[in-house]
Amino acid sequence: MNPSAIAHAARDAEGAWRDPHDLVEHLSGVGALATGFAERYGPDWARLAGRWHDLGKYRPRFQHYIRQASGFEADAHIKGEVGGKAPHSTAGAMLATERFGNAGRVLAYIIAGHHAGLADWFGGLEVRLASTDSRAELAESLAANPPAALLDTGDFKPDLRTIPGGKNGFALWVRMLFSALVDADFLDTERYMEPDKFARRNQWPTLSELATRFDAHMAKVVTSAAPTLVNTLRADILRQCREKATLAPGLFSLTVPTGGGKTLSGMAFGLEHARIHGKCRVIHVIPYTSIIEQTADTFRSIFGEAVIEHHSNAESDPERENHASRLACENWDAPIIVTTNVQFFESLFAARTSRCRKLHNLVDSIVILDEAQLLPPEFLQPMLDALNLLTQHYGVSVVLSTATQPALSTREYFDASKNLRGLENVRELMDDPDALYAALERVRVRLPPNWHASTDWPTLAGDLAEYDSALAIVNTRKDAHALWEQMQKYDQGTLHLSALMCGAHQFAGHC
């Protein structure tokens with residue numbers, strides 16, 4: 001009799017082989033996790049994807065490989081054994097198309113890609129499913145008699161007409177299912193292979209606990225603030241954000257002039273909106289890494305290690321990461337995420353498992369797009385389409401937070417190719433943004449009498465030296481350095497900031 005099929009084999013800390021990871025246990029575990037992740041948008045699809053994703057591991061060739069080639073059972077004998085590695089991610093895909101025809105192609109697509117990533121929809125999967133090796137993989141797997149419960153589809157009847165968002169939502173929906181499968185597979189494998197690592201996951205305070213910390217912090221800020229006009233306005237902006245959190249989930253704008261405290265007020269809205277409507281996390285999305293580090297530090301001073309930074313600078317700086325944050329960056333299961341536009345939007349259109357893994361955790365979240373006017377125009381249409389789908393079908397609330405709201409509503413032109421499918425029913429959180437701009441106006445613009453007359457660096461340096469404090473913004477890094485050199489004649493404490501500097505030097509003000 002063939003031994004029970006196993007999914008993984010691993011040694012303990014002392015180097016001894018542990019009891020193997022039973023294949024039935026793995027497939028059932030992945031199916032259960034994926035079902036929970038996809039509860040809002042396709043639990044039955046996710047359950048079958050999880051149960052069938054490693055069906056090919058039943059084939060004798062794989063069992064021989066994992067037992068003998070790994071060294072787990074060097075003398076094991078398995079009927080029909082064949083040497084070499086054994087592909088195993090196609091059998092479940094083949095079974096899906098056999099059981100469900102064209103509708104099964106969705107399951108086949110995500111199962112076949114759960115290791116290498118999503119292939120092109122056309123031209124990749126067909127060739128793979130039509131190959132002799134793939135048919136053999138399925139036949140060998142079924143011949144090993146996997147439990148009937150794993151193969152049972154119950155009353156599941158896949159209906160592509162019920163896809164969230166219809167035809168226009170198909171691509172995002174497939175990625176959401178793929179995310180549920182991939183993260184479930186990673187987590188169930190990790191639970192066996194690295195139990196200590198798995199045990200360190202999800203050790204986060206709840207959003208309710210974080211809201212309590214936030215309220216205490218803001219109470220101190222408000223009570224200790226001097227009774228100035230600006231501080232009075234900031235307190236009122238905070239009040240309005242909290243009151244508007246009762247509004248139904250969807251699209252919002254937060255239009256507040258610079259200096260009005262919209263970052264913390266936006267977080268206040270997010271935490272209260274999450275409490276009222278049962279949301280899972282707050283994701284703060286920022287265009288530039290130079291801004292994101294400062295924002296993350298502000299949040300971390302309130303929420304501690306519950307704040308996860310996920311961007312290129314944080315990944316390259318060990319001091320900005322701990323063990324929990326590295327784990328949370330894999331799948332965004334933390335309560336507060338601070339990330340970049342690039343990380344957020346590229347993940348929505350990604351094919352790689354590492355990028356897609358986090359997508360299912362966008363469901364039932366609050367996404368705050370800071371400096372929303374900086375969304376890249378060349379990619380604006382797919383971004384807006386994705387935001388519409390997230391808010392309409394995945395329980396996401398999106399806040400467009402900026403001092404200068406971009407024109408993102410639907411627009412139609414004589415040339416239809418320039419039409420924009422925009423964001424509709426965006427609700428403003430501020431009662432009267434125009435009044436805020438009038439009250440917070442702190443800049444007086446004086447234009448030069450002659451636009452065509454240039455000013456040389458020595459003259460400009462002399463003009464700046466007349467002020468105790470001044471900020472000069474020039475066009476290029478070379479210009480900045482040239483002006484800085486001239487300023488040394490007046491004040492050797494003059495600082496030169498450049499994007500060529502690392503973040504630590506920018507904030508420290510070194511040249």
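Computed over heavy atoms, backbone and side chain alike; hydrogens, waters and symmetry mates excluded.
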So for atom [atom1], which belongs to [X], do other residues, nucleotides or ligands contribute more than 12 heavy atoms lying within a distance under 6.0 Å?
X	atom1	result
D415	CG	yes
N475	CG	no
E378	CD	yes

Between [X] and [Y], does at least one N-O distance fall below 4.0 Å, as a salt bridge requires?
X	Y	answer
E272	R242	no
R201	E190	yes
D185	R357	no
R239	E243	yes
R300	E309	yes

Looking only at heavy atoms, which two atoms of [X] and [Y] are closest? And how far apart?
X	Y	result
T339	F344	CG2-CB, 4.3 Å
V396	L362	CG2-O, 3.2 Å
A386	F349	CB-CZ, 4.1 Å
A334	A306	CB-O, 4.3 Å
T263	H284	CG2-CE1, 4.2 Å
C356	F178	CB-CD2, 3.8 Å

To the closest 0.5 Å, what do you measure between [atom1] ([X]) and [atom2] ([Y])?
X	Y	atom1	atom2	answer
L460	Q486	CG	CD	9.5 Å
R234	T228	CZ	OG1	7.5 Å
H277	S397	NE2	OG	7.0 Å
E305	Q203	CD	CD	14.0 Å
H217	F299	NE2	CZ	10.0 Å
S208	R275	OG	CZ	7.5 Å

Tell me whether [X] contacts the main-chain N or O of [Y] through its side chain, where contact means a donor paired with an acceptor under 3.5 Å.
X	Y	value
R281	I336	no
R40	D364	no
N231	A226	yes
T391	G250	no
N419	Y413	yes
H114	I111	yes
T402	T404	yes

message = For Y41 and Y394: C-alpha separation, side-chain torsions, deciding distance, then whether ring-ring contact (aromatic ring centres under 6.0 Å, His included) applies.
response = CA-CA 7 Å; Y41 55 87; Y394 296 94; 5.5 Å; yes

query = Under a 4.5 Å cut-off applied to non-hydrogen side-chain atoms, are Q381 and M383 in contact?
reply =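 With C-beta onward as the side chain, the pair stays apart.
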
query = Do the non-hydrogen side-chain atoms of L384 and R421 ever get within less than 4.5 Å of each other?
reply =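 Sidechains of R421 and L384: no contact.
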
query = Taking only residues two or more places apart in sequence or in another chain, which ones pass ring pair (Phe, Tyr, Trp, His ring centres under 6.0 Å) with F170?
reply =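 Partners of F170 by the ring pair (Phe, Tyr, Trp, His ring centres under 6.0 Å) criterion, ordered by chain and then number, come out as W121.
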
ask   = Looking at the rings of W484 and W457, which for Trp means the six-membered one, are their centres under 6.0 Å apart?
value =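 No, ring centres 6.0 Å or more apart.
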
Output field: ring centroids F269/F252 closer than 6.0 Å =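 Yes; F252 has its ring centre under 6.0 Å from that of F269.
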
ask   = side-chain contact (heavy atoms from CB on, under 4.5 Å) between I368 and I366: does it pass, once the steps are laid out?
value = CA-CA 6 Å; I368 300 174; I366 294 103; 4.2 Å; yes

task = Show your reasoning for whether side-chain contact (heavy atoms from CB on, under 4.5 Å) applies to I286 and V338.
result = CA-CA 8 Å; I286 301 176; V338 182; 4.1 Å; yes

inquiry  = Run N361 and I337 through side-chain contact (heavy atoms from CB on, under 4.5 Å) and show every step you take.
reply    = CA-CA 11 Å; N361 277 326; I337 307 290; over 6 Å; no

key: Criterion side chain to side chain donor-acceptor pair (under 3.5 Å) against K358, the qualifying member of E330, Q343, H310   =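 The option that passes is Q343.
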
Candidate list R175, R355, R352, test salt bridge (Lys or Arg N to Asp or Glu O under 4.0 Å), partner E346, passing option =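 When salt bridge (Lys or Arg N to Asp or Glu O under 4.0 Å) is applied between E346 and each of R175, R355, R352, only R355 qualifies.
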
ask   = According to the interplanar angle, ranging from 0 to 90°, do the rings of W45 and W173 count as parallel (below 30°), tilted (30 to 60°) or perpendicular (above 60°)?
value =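 Taking W173 first and then W45, their aromatic rings stand perpendicular (interplane angle over 60°).
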
